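Report on the structure given below.
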Number of protein chains: 2
Amino acid sequence: MKTVGTAVGAPPRPGLRERKKQRTRDALVRAALELIAARGYEGTTVDDITAAVEVSQRTFFRYFASKEEVAFFVTRLAESHVVDAARGRPPGEAPLEVLRRAVLDSWDTINEAVEQLVPLDLHLRVYRVIESTPALLAAHLRRASELEEELARIIAEREGLDMDADPRPRILVAAFGGVIRVAERRWSTGDDVSVAAMKEVMTTCLDHVGPALAGNWRAG
Amino acid sequence: MKTVGTAVGAPPRPGLRERKKQRTRDALVRAALELIAARGYEGTTVDDITAAVEVSQRTFFRYFASKEEVAFFVTRLAESHVVDAARGRPPGEAPLEVLRRAVLDSWDTINEAVEQLVPLDLHLRVYRVIESTPALLAAHLRRASELEEELARIIAEREGLDMDADPRPRILVAAFGGVIRVAERRWSTGDDVSVAAMKEVMTTCLDHVGPALAGNWRAG
DNA sequence: TGTGATCTGTCAGCGACTGACACTAGCCTC
DNA sequence: GAGGCTAGTGTCAGTCGCTGACAGATCACA
């Protein structure tokens, strides 16, 4: 009984108000990312962003809890895709394989979803700013640790374990997460920033974990 | 020719000025940690801290770059001990063993050094605040990642590798670091907060990594 | 069309942090 | 021991991120 004149089952087309909100939110995100990519994070004030979109500062903070949050808007999208992919893995699959496939397979849909919002190139430039800005890097790592907690929950549930009694889900995910971050960094600072390259870097990094943990590796 | 009246080779006793600085720095750290442990991080303003020590806010920021920094003063001590321990490991030892021993063996000297500055119990209470305050947790993770970078450098050097060409040092350290963080958290939230308990938690967590990464672990 | 819920802008204010300046106190030389 | 030099401190003013309170505008819906 919310709207009239729309077919049952069809997604009720949002009203004017909702669409307006969506538009200003998107405009804020785009302006923010553009400015951050160009002038850096600290070099961009919230007033700069709101001036570009012609809204008040107060409005900005009604959409985003902090200046940080807008910088991670796209990243957030990617994270939710990974979680969904992990949830969708077939039962019985080995835990590490679940994580591996969740990350690798979700990349295509991630890029597609990102493009809807901002150019992929812009996102990459912002990502590099995140990696090189202490305050943002800290926030990024905290977000990553929250994502790991979520993934650990999924693994624990799949395996029928109590996360607080058995440390293995968190351990696996923590080790995995550490490796992913190394791979992310190698990819974003490398020459080839294509999706294929990203997958390749991830794969080789993951393949190195076992051997790296096992004993002496003089035989490079 | 710096001072007169002190035997050659003896550490030149710092002048009155230097001692005064040391005293206010220590007083600020102690007051800050006490307040943070009692009222939480956000509940403690810099003005609260400086009022307790009777110095101006400006002085605080000449000693510490940020409010965060003072919260990590003790943590910082511990970190440097771990790095030193890793550097002191005998050549030829396997990389993972270097990290393991560096962390486990340095704990005794860490606690000793911490006690010089503040009661161990206070440090533990502050640590729990760090873990439960988003802003501090983020900073903590960033610091940890810097520590990992340093450890990766040490490993790479020991093994005669170029860190930027060979990802294995960073991968190993990242995986290791992830596990250590899980162990830290398990320990700090558990009942037994003794050093022995800490070592035991670390050991069991580290022993789980290999098996956790390897395939299916239904056999609990 | 009018009524009520939502969204927005303005304003005032807090807390972290910084630059500039003046003042004080330990240091060092003569 | 008086002098100047330097380093440490306090005061002040200002920026930036962020929030609560209020008032006016805008949309939804009967």
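A, B, ... follow the sequence lines: proteins, then strands. Residue 1 opens every chain. Since the model is a prediction, treat every value here as computed from it, not as a measurement.
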Residue-phosphate contact under 4.0 Å: B:Y63 side-chain N/O, D:dG8 OP1/OP2: no
Integer-rounded Å distance: C:dT18 P and A:E42 CD: 10 Å
Any B:K20 side-chain nitrogen or oxygen under 4.0 Å from OP1 or OP2 of C:dG26: yes
salt_bridge(A:E131, A:R128) N-O dist < 4.0 Å: no
Side-chain touch B:M202/B:E184, heavy atoms, less than 4.5 angstrom: yes
Whole angstrom value for the distance that separates C1' of C:dC28 from CG of B:L16: 15 Å
Between P of C:dT8 and CD of A:Q57, the distance in whole Å: 15 Å
Exercise: identify the closest heavy-atom pair between A:N111 and A:L120: OD1-CD2, 3.8 Å
Between D:dT9 (P) and B:F64 (CZ): distance, integer Å: 11 Å
Any donor-acceptor N/O pair under 3.5 Å between D:dT26 base and A:R17 side chain: yes
hbond_proxy A:R62 side chain to C:dG9 base (donor-acceptor, 3.5 Å cutoff): yes
Minimum-distance nucleotide to B:T24 side chain [options: D:dC18, D:dT9, C:dC17]: D:dT9
Distance in angstrom units between B:E54 CD and D:dG8 P, rounded: 21 Å
Nearest-neighbour nucleotide for the A:V46 side chain, C:dC17, D:dG17, D:dG10 considered: D:dG17
Whole-Å distance separating the NZ atom of A:K67 from the C1' atom of D:dC16: 8 Å
Contact nearer the 5' end of DNA chain D, comparing A:T45 with B:T59: B:T59
Nucleotide D:dC16, atom P - distance to CZ of A:F60 in whole Å: 15 Å
Distance-only donor-acceptor test, B:R58 side-chain atoms vs D:dG8 base atoms, 3.5 Å: no
Touch class at under 4.0 angstrom, heavy-atom based, for A:S56 against every strand present: base
Residue pair A:S106 / A:H81: nearest heavy atoms and the distance that separates them: CB-O, 4.1 Å
Short N-O contact, A:D108 and A:K199, less than 4.0 angstrom: yes
Protein-nucleotide distance (B:F61, atom CZ; D:dT9, atom P), rounded to Å: 15 Å
Touch class at under 4.0 angstrom, heavy-atom based, for B:T44 against every strand present: sugar-phosphate
